[in-house]
Participant: 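Have a look at this one before I ask anything.
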Amino acid sequence: MAPERLAELDADDDADDRALPELPNAEAFEEVRMRVAPNPNGPWHLGHARMPAVIGRYKERYDGWMLCRFDDTDPETKRPDLDAYDAILEAIDYLGFEPDEVTRASDRVETYYEHARRLIDAGGAYTCSCGGEEFSAMKNDAEPCPHRDKSAATTREEFDAMVAGEYDSGDVVLRVRTDIEHKNPALRDWVAFRMVDTPHPREAAAEYRCWPMLDFQSGVDDHLFDVTHIIRGIDLQDSAKRQRFVYDYFDWEYPEVVHWGHVQVDAYDVALSTSTIKEQVEAGELDGWDDPRAPTLASLRRRGIRGEAIVDAMAELGTSTSNVDLAMSSVYAKNRELIDDEADRRFLVRDGVERPLVGGPDTAEAPLHPDHEDRGVREIPVGEAVRLEPADLPATGERVWLKSLGPVRNTGDAFEFTDDDIAVVREGDVDVVHWVPAAASVPLRLRTPDGDVTGRVEPGLAAQEAGDVVQFERVGYARIDRLDDDTVAYFAHR
RNA sequence: GCUCCGUUGGUGUAGUCCGGCCAAUCAUCUUGCCCUCUCACGGCAAGGACCAGGGUUCGAAUCCCUGACGGAGCACCA
């Protein structure tokens with residue numbers, strides 16, 4: 001590799017390093033081990049990309065290890081969607097990362113039971129049949145409930161009955177014995193296991209009725225997988241404090257934790273919420289999860305946004321605990337950098353108006369890419385008439401330069417070729433606009449985040465392949481989705 | 001109500017721990033200019049911020065106090 005190229009790579013690495021702060025205490029560990037722990041209750045939206053993006057970047061920087069652990073321990077309220085497991089792995093792949101290991105909490109329930117029994121034997125948990133509100137009232141007054149001083153043996157017995165499914169939902173829970181007088185009420189004797197009547201959608205886990213809560217399951221797994229660094233949202237700020245009680249009973253060392261705020265994204269009408277998107281898809285307001293109006297990763301992918309652009313933008317958000325707004329313009333700017341060089345140029349005229357053409361050449365020749373003449377030219381047959389976007393139509397008597405074709409004057413009902421030199425463009429007297437031949441052009445539907453637009457595109461588009469990203473000159477970048485009688489492109493950005 | 005956490009330009013971020021090198025970094029954004037047969041790409045330039053008030057200090061974005069604003073938890077959700 002040429003030295004200057006190496007220098008460039010170094011510079012890139014530096015830029016990445018600067019975007020994210022160092023992980024706390026990273027040098028103290030032989031290997032930085034992290035996990036992304038999604039709940040597979042639906043396909044991912046843009047906000048979900050932050051975790052794999054940042055963990056992926058840290059994995060690269062520290063030569064670390066990444067686990068994808070599906071925290072699917074709620075068969076009811078946050079019921080897993082069986083398609084989401086693979087969809088999430090695909091999304092991680094789209095972002096450019098590969099987990100070193102993939103696991104599902106619903107496959108590890110027996111492990112959680114074992115640790116629950118150990119915790120009970122250590123005096124760290126008790127079964128409790130208080131009603132939720134009832135317990136909450138006592139807890140808020142720092143009063144222990146009547147079950148708190150139950151013996152380990154009794155608790156063992158009752159927990160085994162929970163595991164055996166001998167209780168119904170709501171009858172009894174297993175609580176961690178923390179500090180009922182802790183000044184923060186959020187940490188007092190929290191629930192570790194509860195009964196769920198609804199079977200888990202995964203067949204392998206369908207028989208379990210006694211399910212761990214996130215704080216217990218996640219806390220145990222983080223230790224068992226030797227996770228060194230946990231990154232998670234501020235909504236889980238108290239989780240570490242809760243889990244430390246369990247870690248203390250087991251004499252485990254708690255991992256380093258980084259909490260970050262919520263991400264909002266501008267530029268979307270649709271909320272960044274799996275359930276909201278799901279409703280809109282089901283109601284037919286969106287044409288599926290990859291509708292260009294949906295703020296999902298599937299949608300961005302279909303629009304020709306590179307995963308790397310999303311990762312770059314997410315890494316730039318850093319890991320601060322305050323809430324952040326991600327500007328889509330930032331993602332678009334990153335993506336433009338990545339795709340411009342290889343995007344062939346094409347003409348697309350939206351909602352065009354047609355004008356007969358008098359005089360001029362039969363064909364136009366335009367470069368496929370202005371910076372790469374070696375890639376050749378597009379030959380565009382002109383025909384009897386051309387179409388322009390209405391905003392580009394010059395007033396009667398005025399001229400316009402049809403890009404790669406030449407200068408014309410609007411005579412009112414037609415365009416007449418003039419013998420103007422390109423100098424009129426350079427002097428700023430005449431605008432250069434894109435156009436398509438009225439007859440030879442083909443219809444195209446451009447799907448955008450703001451709805452669909454119809455137009456006509458130069459016939460040479462047929463030379464592209466579905467999946468190509470092109471730049472429709474003066475319109476923007478788009479990914480060709482299908483090329484046939486119903487040609488469709490998905491708009492990326494300007 | 002109880003308990004945590006945060007507040008640097010339109011957006012994000014660096015700097016805050018260990019006060020001076022910060023009249024505050026970088027990116028995006030907006031505007032202008034250059035380049036150009038694209039309003040893209042590239043180049044140049046400009047614009048725009050330390051939540052407020054007190055205090056400590058020779059000196060505060062940085063330390064202390066008070067307040068305002070914002071966020072989170074107190075779920076048999078994740």
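Order of the sequence lines fixes the chain letters, A, B, ..., with proteins taken first and strands second; residue numbering starts at 1 for each chain. No hydrogens, no waters, no symmetry mates; every other heavy atom, side chains included, goes into these values.
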Participant: Looking at A:R175 and A:D189, is there a salt bridge between them, counting it only when a charged N and a carboxylate O are closer than 4.0 Å?
Facilitator: no
Participant: What is the base-pairing partner of B:U56, counting Watson-Crick and G-U wobble geometry with both distances under 3.5 Å?
Facilitator: none
Participant: If we call it a pair only when both distances are under 3.5 Å in a Watson-Crick or G-U wobble match, what pairs with B:C50?
Facilitator: none
Participant: Taking any strand in view, what nucleotide pairs with B:G19 in a Watson-Crick or G-U wobble way, both distances under 3.5 Å?
Facilitator: none
Participant: Quantified in whole Å, what is the C1' atom distance between nucleotide B:A49 and nucleotide B:C29?
Facilitator: 14 Å
Participant: Nearest whole Å is fine: how far is B:G73 P from A:Q243 CD?
Facilitator: 15 Å
Participant: If you go through the side-chain atoms of A:Q471, does one of them form a donor-acceptor pair with the base of B:U38 closer than 3.5 Å?
Facilitator: yes
Participant: Would you say A:R426 places a side-chain N or O within less than 4.0 Å of OP1 or OP2 belonging to B:C37?
Facilitator: yes
Participant: So does A:R336 get a side-chain nitrogen or oxygen closer than 4.0 Å to the phosphate oxygens (OP1/OP2) of B:C41?
Facilitator: yes
Participant: Identify whether the distance between the nearest side-chain nitrogen and carboxylate oxygen of A:R306 and A:E342 falls below 4.0 Å.
Facilitator: yes
Participant: Is A:E181 salt-bridged to A:R188, cutoff N-O under 4.0 Å?
Facilitator: no
Participant: Expressed as a whole number of angstroms, how long is the span from A:D392:CG to B:C37:P?
Facilitator: 18 Å
Participant: Please state the C1' separation for the pair B:C65 and B:C26 - nearest whole angstrom.
Facilitator: 34 Å
Participant: State the pairing partner of B:C37; accept Watson-Crick or G-U wobble contacts with both distances under 3.5 Å, and report none otherwise.
Facilitator: none
Participant: Among the nucleotides B:A78, B:C29, B:C74, which one has an atom lying closest to any side-chain atom of A:N39?
Facilitator: B:A78
Participant: Would A:R232 pass as a cation-pi partner of A:W260, given that its NZ or CZ must be under 6.0 Å from the six-membered ring centre and within 45 degrees of the axis?
Facilitator: no
Participant: So what does A:D235 touch, heavy atoms closer than 4.0 Å: a base, only the sugar-phosphate, or nothing?
Facilitator: base
Participant: Using ring-ring contact (aromatic ring centres under 6.0 Å, His included), reason through A:F193 and A:F216 one step at a time and then give a plain yes or no.
Facilitator: CA-CA 8 Å; A:F193 285 82; A:F216 188 86; 4.9 Å; yes
Participant: Using whole Å, what does the distance between atom P of nucleotide B:C41 and atom CG of A:D371 come to?
Facilitator: 11 Å
Participant: How many Å lie between CG on A:D266 and P on B:U30, as a whole number?
Facilitator: 12 Å
Participant: Taking NE2 from A:H200 and P from B:C77, how many angstroms apart are they, rounded to a whole number?
Facilitator: 14 Å
Participant: Please say which of A:Q243, A:H223, A:R244 ends up in a side-chain hydrogen bond (donor to acceptor under 3.5 Å, both in side chains) with A:Y254.
Facilitator: A:Q243
Participant: With RNA chain B as reference, determine whether A:T321 or A:D340 sits nearer its 5' end, using the nearest nucleotide of each.
Facilitator: A:T321
Participant: Grab the OH-P distance between A:Y208 and B:C76 for me, whole Å please.
Facilitator: 24 Å
Participant: Do the side-chain N or O atoms of A:S136 get closer than 4.0 angstrom to the phosphate oxygens (OP1, OP2) of B:A75?
Facilitator: yes
Participant: May I ask you to verify if any side-chain N or O of A:T73 is less than 4.0 angstrom from the OP1 or OP2 atom of B:A78?
Facilitator: yes
Participant: Would one find a side-chain N or O of A:R194 under 4.0 angstrom from OP1 or OP2 of B:C77?
Facilitator: yes
Participant: Whole-Å distance between B:A75 C1' and A:N140 CG?
Facilitator: 12 Å
Participant: Would you indicate, yes or no, if B:C2 has its OP1 or OP2 atom less than 4.0 angstrom from a side-chain nitrogen or oxygen of A:K139?
Facilitator: no
Participant: What is the base-pairing partner of B:G1, counting Watson-Crick and G-U wobble geometry with both distances under 3.5 Å?
Facilitator: B:C74
Participant: Which whole number of Å gives the distance between the P atom of B:G73 and that of B:G10?
Facilitator: 29 Å
Participant: Which nucleotide, in any strand shown, forms a Watson-Crick or G-U wobble pair with B:U7, with both distances under 3.5 Å?
Facilitator: B:A68
Participant: Look at A:S322 and B:G70 and indicate whether a side-chain polar atom (N or O) is within less than 4.0 Å of OP1 or OP2.
Facilitator: no
Participant: Just checking, A:R194 and A:Y167: is the charged tip under 6.0 Å from the six-membered ring centre and within 45° of the axis?
Facilitator: no
Participant: What is the distance, rounded to the nearest whole Å, between atom CD of A:Q217 and atom C1' of B:C76?
Facilitator: 16 Å
Participant: Is it the case that the base of B:C37 and the side chain of A:K403 share a donor-acceptor contact (distance under 3.5 Å, atom types as modelled)?
Facilitator: no
Participant: Using both distances under 3.5 Å as the test, list the Watson-Crick or G-U wobble partner of B:G12, or none.
Facilitator: B:C26
Participant: Toward the 5' end of RNA chain B, which comes first, A:H262 or A:A327, by nearest nucleotide?
Facilitator: A:A327
